[in-house]
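Only one structure is covered here, and it is reproduced in the block below.
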Amino acid sequence: MGETLGMTFIPDKDLEYMQLALEKARLAPALGEVPIGAVLVLDGQVLAQVHNFREVWQDPTAHAEVVAIREAATRLGTWRLTGTTLYVTVEPCSMCAGAIIQSRISRLVFGARDPKAGACGSVFNLPDERRLNHKVQVLGGLLERESQELLQTFFRGLRDNVGERASL
């Protein structure tokens with residue numbers, strides 16, 4: 001399940017949708033949000049394309065993955081998102097991995113690994129948990145460098161701003 005890119009064949013559509021997720025992530029910092037984007041697709045139709053909204057909504061569950069799942073479920077009129085693929089720029093945390101499993105998403109493609117909170121292979125591996133009744137196919141590392149650079153630039157900017165305020 002928790003496959004890493006290497007010699008794996010990557011369909012053009014995977015790259016296209018991950019680029020769209022990166023575009024969404026790039027919009028987030030203007031709102032004070034961590035640049036994480038998500039795109040949820042069913043049969044070539046984009047059901048949701050979002051970024052994080054935790055700061056804007058003051059909602060700890062407003063991660064891009066959860067917002068995308070909510071939008072797609074509303075659009076489809078069902079919580080069962082079987083047959084969908086979720087593209088997200090950063091490895092989902094345990095909350096998001098749980099939501100992915102609970103919503104019956106079939107496939108997850110993510111960019112950067114999260115060595116502090118990643119729940120799809122880095123810290124935990126919820127999609128590979130054999131005791132769960134739904135299995136999610138996971139492909140990690142697609143456009144990983146671009147996703148990491150976006151995060152690093154954002155957090156570097158935060159650190160620089162803190163340093164500037166401290167010196168005033």
Side-chain angles (χ1 to χ4, degrees), residues 1-6 8 10 14-41 48-72 81 84-132 134-162:
M1 295 276 170
E3 187 175 340
T4 303
L5 290 181
T8 307
I10 306 300
D14 282 349
L15 288 170
E16 178 183 327
Y17 294 130
M18 186 58 83
Q19 287 285 5
L20 184 55
L22 279 165
E23 287 176 27
K24 288 299 168 184
R26 287 183 186 103
L27 299 174
L31 299 172
E33 297 288 350
V34 175
I36 298 174
V39 174
L40 192 54
V41 178
Q49 49 182 321
V50 300
H51 56 71
N52 275 8
F53 283 96
R54 282 193 328 172
E55 298 298 329
V56 171
W57 297 348
Q58 288 300 295
D59 178 351
T61 68
H63 291 202
E65 301 94 323
V66 173
V67 174
I69 289 167
R70 288 176 182 156
E71 283 191 18
L81 302 179
T84 61
T85 299
L86 178 63
Y87 297 87
V88 63
T89 57
V90 177
E91 179 183 359
C93 68
S94 57
M95 175 184 70
C96 293
I100 290 163
I101 293 164
Q102 290 298 318
S103 63
R104 307 301 193 262
I105 288 172
S106 298
R107 188 167 174 258
L108 167 68
V109 179
F110 69 85
R113 301 202 178 281
D114 184 347
K116 293 182 180 180
C120 297
S122 291
V123 177
F124 305 105
N125 199 343
L126 291 179
D128 270 351
E129 177 53 57
R130 63 177 167 51
R131 293 171 289 188
L132 297 175
H134 178 70
K135 300 301 176 204
V136 179
Q137 179 187 8
V138 178
L139 177 66
L142 183 61
L143 299 180
E144 184 169 20
R145 184 178 45 81
E146 294 87 340
S147 298
Q148 283 176 333
E149 287 174 0
L150 193 55
L151 287 169
Q152 289 169 344
T153 299
F154 175 78
F155 287 114
R156 188 177 311 115
L158 285 181
R159 286 189 300 273
D160 290 348
N161 286 339
V162 168

Beyond-backbone contact of [X] with [Y], side-chain heavy atoms, under 4.5 angstrom:
X: Thr61; Y: Arg70; answer: yes
X: Ile69; Y: Ile100; answer: yes
X: Leu132; Y: Glu129; answer: yes
X: Leu86; Y: Glu65; answer: yes
X: Glu33; Y: Val56; answer: yes
X: Leu15; Y: Leu142; answer: yes
X: Ile101; Y: Val136; answer: yes
X: Gln19; Y: Leu143; answer: yes

For the residue pair [X] and [Y], what are the closest heavy atoms and their distance?
X: Ala38; Y: Ala68; value: CB-CB, 4.2 Å
X: Met95; Y: Val66; value: CE-CG2, 4.2 Å
X: Arg113; Y: Pro115; value: O-CD, 3.5 Å
X: Pro35; Y: Ala25; value: CB-O, 3.3 Å
X: Ala112; Y: Gln148; value: CB-CG, 3.6 Å
X: Val109; Y: Met18; value: O-CE, 3.5 Å

Yes or no on side-chain contact (heavy atoms from CB on, under 4.5 Å) for Ser106 and Gln137, after CA distance, side-chain angles and deciding distance? CA-CA 6 Å; Ser106 298; Gln137 179 187 8; over 6 Å; no
Distance (rounded to the nearest 0.5 Å) between [X] [atom1] and [Y] [atom2]:
X: Asp14; Y: Glu16; atom1: CG; atom2: CD; result: 10.0 Å
X: Arg54; Y: Leu31; atom1: CZ; atom2: CG; result: 14.0 Å
X: Lys24; Y: Asn52; atom1: NZ; atom2: CG; result: 13.5 Å
X: Leu40; Y: Thr84; atom1: CG; atom2: OG1; result: 4.5 Å
X: Gln152; Y: Arg145; atom1: CD; atom2: CZ; result: 11.0 Å
X: His51; Y: Glu23; atom1: NE2; atom2: CD; result: 12.5 Å

May I have the step-by-step check of side-chain contact (heavy atoms from CB on, under 4.5 Å) for Leu151 and Val34, ending in yes or no? CA-CA 7 Å; Leu151 287 169; Val34 175; 3.7 Å; yes
Under the ring pair (Phe, Tyr, Trp, His ring centres under 6.0 Å) rule, collect the residues that match up with Phe154, sequence neighbours excluded.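 Counting only residues at least two positions away or on another chain, Phe154 forms no ring pair (Phe, Tyr, Trp, His ring centres under 6.0 Å).
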Under 3.5 Å donor-acceptor, [X] side chain and [Y] backbone:
X: Glu91; Y: Cys120; answer: yes
X: Arg104; Y: Gln102; answer: yes
X: Gln58; Y: Glu55; answer: yes
X: Ser147; Y: Thr89; answer: yes
X: Asp114; Y: Lys116; answer: yes

Check step by step if side-chain contact (heavy atoms from CB on, under 4.5 Å) holds for Leu126 and Ser94. CA-CA 7 Å; Leu126 291 179; Ser94 57; 4.1 Å; yes
Does the pair Thr153 and Arg26 meet the rule for a side-chain hydrogen bond (donor to acceptor under 3.5 Å, both in side chains), with working shown? CA-CA 11 Å; Thr153 299; Arg26 287 183 186 103; over 6 Å; no
With side-chain contact (heavy atoms from CB on, under 4.5 Å) as the criterion, how do Val90 and Phe110 come out once you've worked through the C-alpha distance, each side chain's angles and the decisive distance to 0.1 Å? CA-CA 6 Å; Val90 177; Phe110 69 85; over 6 Å; no
